[in-house]
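Working notes for the structure below.
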Amino acid sequence: MKKVLAAVVTMAMTMSLLTACGSTAASADDTAADATEVTTDETAEAETPVEEAADEAEVAEASQSEALADGVLTVGTNAEFPPFEYVDDNGEADGFDMALCRAIGEKLGVEVKVENMEFASLVSSIGSKIDIAAAGMTVTDERKESVDFSNPYYEAVQYVIVPADSDIATADDLKDKTIGVQLGTTGDFIAEDYTSNVAQYNKAVDAVNDLVNGKVDLVIIDKNPALVFETKFEGKVKVIEGAQFGFETEEYAIAMPKGDTALADAINGAIDELKADGTFDELVKTYIEAE
Ligand code: ARG
């Protein structure tokens with residue numbers, strides 16, 4: 001960001017310098033024709049920095065966003081949600097969302113820092129502790145009251161994980177069961193429609209552990225993490241598609257401060273570019289389809 005700001009400042013200075021020279025030259029010369037000539041010449045000279053700035057239009061636009069002004073995009077996540085975010089062997093947050101944010105940061109010319117926190121704290125931390133949240137977060141009307149969302153980047157649906165020998169199969173079977181969920185997720189909200197026995201966990205994997213231990217009857221969680229857990233707990237659990245229970249599709253998007261349209265434009269623009277240049281599909285293949 002600093003480089004761009006410097007370029008813009010330099011450009012502004014160059015232009016005022018040229019304007020100053022122009023008027024001096026014009027007043028020193030009596031003929032209007034000469035004055036016009038001088039002005040034209042210098043307008044032409046001034047084009048280079050203007051053009052440069054136009055090339056960096058997207059970045060310059062980003063600089064108007066308060067969230068990007070310091071050159072650092074702080075991304076909040078909850079790295080307990082493979083393949084979208086998890087802590088890798090080096091203790092770093094990785095996954096599809098993290099890779100997507102790193103790519104967005106590259107496009108915008110800002111450094112990306114990740115804050116790993118509880119999922120339920122993400123929305124309220126936007127605008128203070130974090131600039132944006134990328135956490136396989138479903139766009140919901142309730143969340144939209146506190147944050148804005150980018151254009152959706154992935155379609156999801158809740159799945160049900162049950163013990164391998166379970167005969168749970170229909171929505172009726174979910175009634176009054178003990179349902180394990182990750183706290184504050186859409187799976188949590190759905191579970192509350194079926195039972196008052198919702199066991200809320202900060203880490204989804206703990207819900208699945210308790211399913212295996214017989215402490216909960218089923219777990220409601222997004223499709224892709226459900227498939228990852230099915231592999232992780234192979235033979236002990238099975239997954240059932242959400243459509244079987246009438247669960248509606250959901251859309252993931254990046255959450256950001258309300259009203260920061262410069263940031264929304266910058267992020268949406270970057271995602272569009274990543275889709276157009278094939279990076280987005282590469283990340284889907286690497287992180288999601290490889291699982
Ligand atoms: N899509 C669900 C939601 O928005 C679950 C997201 C959980 N994400 C995470 N990183 N733990 O509520």
Side-chain angles (χ1 to χ4, degrees), residues 77-78 80-86 95-97 118-120 122-123 133-145 149 152-253 255 284 287-291:
T77 197
N78 169 259
E80 303 291 344
F81 197 67
F84 294 95
E85 42 269 337
Y86 49 84
F96 177 83
D97 289 336
E118 282 178 14
F119 183 80
L122 286 170
V123 166
M137 191 180 283
T138 303
V139 179
T140 68
D141 287 340
E142 205 198 339
R143 289 172 184 159
K144 271 198 214 159
E145 284 173 18
F149 281 100
Y153 62 83
Y154 203 80
E155 194 180 278
V157 64
Q158 297 301 304
Y159 265 35
V160 169
I161 312 179
V162 292
D165 59 357
S166 165
D167 47 22
I168 287 175
T170 67
D172 260 358
D173 299 335
L174 305 181
K175 287 212 184 98
D176 302 321
K177 291 280 185 336
T178 300
I179 305 183
V181 298
Q182 190 184 14
L183 178 68
T185 60
T186 44
D188 186 358
F189 308 145
I190 289 176
E192 281 160 16
D193 291 342
Y194 291 94
T195 183
S196 51
N197 302 318
V198 181
Q200 298 164 313
Y201 300 81
N202 277 317
K203 300 181 180 187
V205 68
D206 290 342
V208 186
N209 270 319
D210 272 1
L211 177 76
V212 170
N213 297 334
K215 287 190 190 140
V216 303
D217 300 315
L218 64 125
V219 170
I220 301 183
I221 189 168
D222 304 51
K223 172 182 173 174
N224 297 93
L227 295 174
V228 172
F229 290 131
E230 183 184 39
T231 308
K232 190 175 157 72
F233 293 85
E234 216 188 327
K236 295 182 178 144
V237 304
K238 63 181 180 191
V239 301
I240 310 170
E241 285 182 24
Q244 201 161 317
F245 305 93
F247 298 161
E248 284 167 11
T249 55
E250 304 180 7
E251 284 181 323
Y252 293 164
V284 170
Y287 285 96
I288 303 176
E289 286 165 5
E291 285 290 340

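- Nearest heavy atom pair, residue I161 against residue V208, reads CD1-CG2, 4.1 Å.
- Taking both residues in full, the closest heavy atoms of A207 and V219 are given as O-CG2, 3.6 Å, listed atom of the first, atom of the second, then distance.
- When each of Y252, Y153, Y287 is tested with D97 by the rule side-chain hydrogen bond (donor to acceptor under 3.5 Å, both in side chains), just one qualifies, namely Y153.
- Here the side chain of D173 pairs a donor or acceptor atom with the backbone of T170 at under 3.5 angstrom.
- Contact between P225 and P83 at its shortest, heavy atoms only, is N-CD, 4.1 Å.
- Summarising the geometry, atom OH belonging to Y159 is positioned 10.0 Å from atom CD belonging to Q244; distances are rounded to the nearest 0.5 Å.
- We find the CG-CG distance between N197 and D176 to be 7.0 Å, quoted to the nearest 0.5 Å.
- In summary, the aromatic rings of Y154 and F84 are positioned with their centroids under 6.0 Å apart.
- At a threshold of 4.5 Å between non-hydrogen side-chain atoms, the residues V139 and K144 count as touching.
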Query raised in the report: How far apart are the C-alpha atoms of V237 and V212, what are their side-chain angles, what is the distance that settles it, and do they pass the side chain to side chain contact (heavy atoms under 4.5 Å, CB included) test?
Result: CA-CA 7 Å; V237 304; V212 170; 3.9 Å; yes
Requested in this report: Please test N202 against Q182 for side-chain hydrogen bond (donor to acceptor under 3.5 Å, both in side chains), starting from the C-alpha separation and ending with a verdict.
Outcome: CA-CA 6 Å; N202 277 317; Q182 190 184 14; over 6 Å; no
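- Contact check for L183 versus D188: side-chain heavy atoms found under the 4.5 Å cut-off.
- Proximity of V160 to F247: side-chain heavy atoms (C-beta onward) are separated by under 4.5 Å at one or more points.
- Under the 3.5 Å distance criterion, the side-chain polar atoms of Q200 are left unmatched by any main-chain donor or acceptor of G184.
- Scanning both residues, A134 and T77, for their nearest heavy atoms gives O-OG1, 2.7 Å.
- Here the closest non-hydrogen pair linking G95 and Y86 is CA-CE2, 3.5 Å.
- The main-chain N or O of E155 is never found under 3.5 Å from a side-chain atom of K223 such that the two would form a donor-acceptor pair.
- In this structure, T195 contributes its side chain and K177 its backbone to a donor-acceptor pair below 3.5 Å.
- When all heavy atoms of N78 and F119 are compared, the pair lying nearest together is ND2-N, 3.5 Å.
- Note: Y194 and F245 fail the aromatic proximity criterion, with ring centroids not under 6.0 Å apart.
- Annotation: side chain of E250 is not in contact with side chain of V157 (no heavy-atom distance under 4.5 Å).
- Going from atom CG of L211 over to atom NZ of K236 covers 11.5 Å, rounded to the nearest 0.5 Å.
- Annotation: side chain of Y201 is in contact with side chain of V216 (closest heavy-atom distance under 4.5 Å).
- Judged by distance alone, with hydrogens and angles left aside, the side-chain atoms of R143 form no donor-acceptor pair with the main-chain N or O of V123 at under 3.5 Å.
- Exactly one of V228, N224, L227 qualifies for a side-chain contact (heavy atoms from CB on, under 4.5 Å) with P82. That residue is V228.
- Looking at heavy atoms from C-beta onward, K232 lies in side-chain contact with V205 at the 4.5 angstrom threshold.
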Query - Evaluation steps, side chain to side chain contact (heavy atoms under 4.5 Å, CB included), between T185 and I221 - result: CA-CA 8 Å; T185 60; I221 189 168; over 6 Å; no
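- Taking the side chain as every heavy atom from C-beta outward, V284 and E289 approach each other to under 4.5 Å.
- Applying the 6.0 Å contact sphere to CD of E241 captures no more than 12 heavy atoms from other residues, nucleotides or ligands.
- Rounding to the nearest 0.5 Å places CD1 of I168 at 4.5 Å from CG of L218.
- By the 4.5 Å heavy-atom criterion applied to side chains, V181 and F189 are not counted as neighbours.
- For D193, the CG atom counts as densely surrounded, since its 6.0 Å shell holds more than 12 non-hydrogen atoms of other residues, nucleotides or ligands.
- Atoms CD and CD1, from Q158 and I240 in turn, are 14.0 Å apart once rounded to the nearest 0.5 Å.
- Interatomic distance, OG1 of T186 versus CG of D222, reported as 5.0 Å (0.5 Å rounding).
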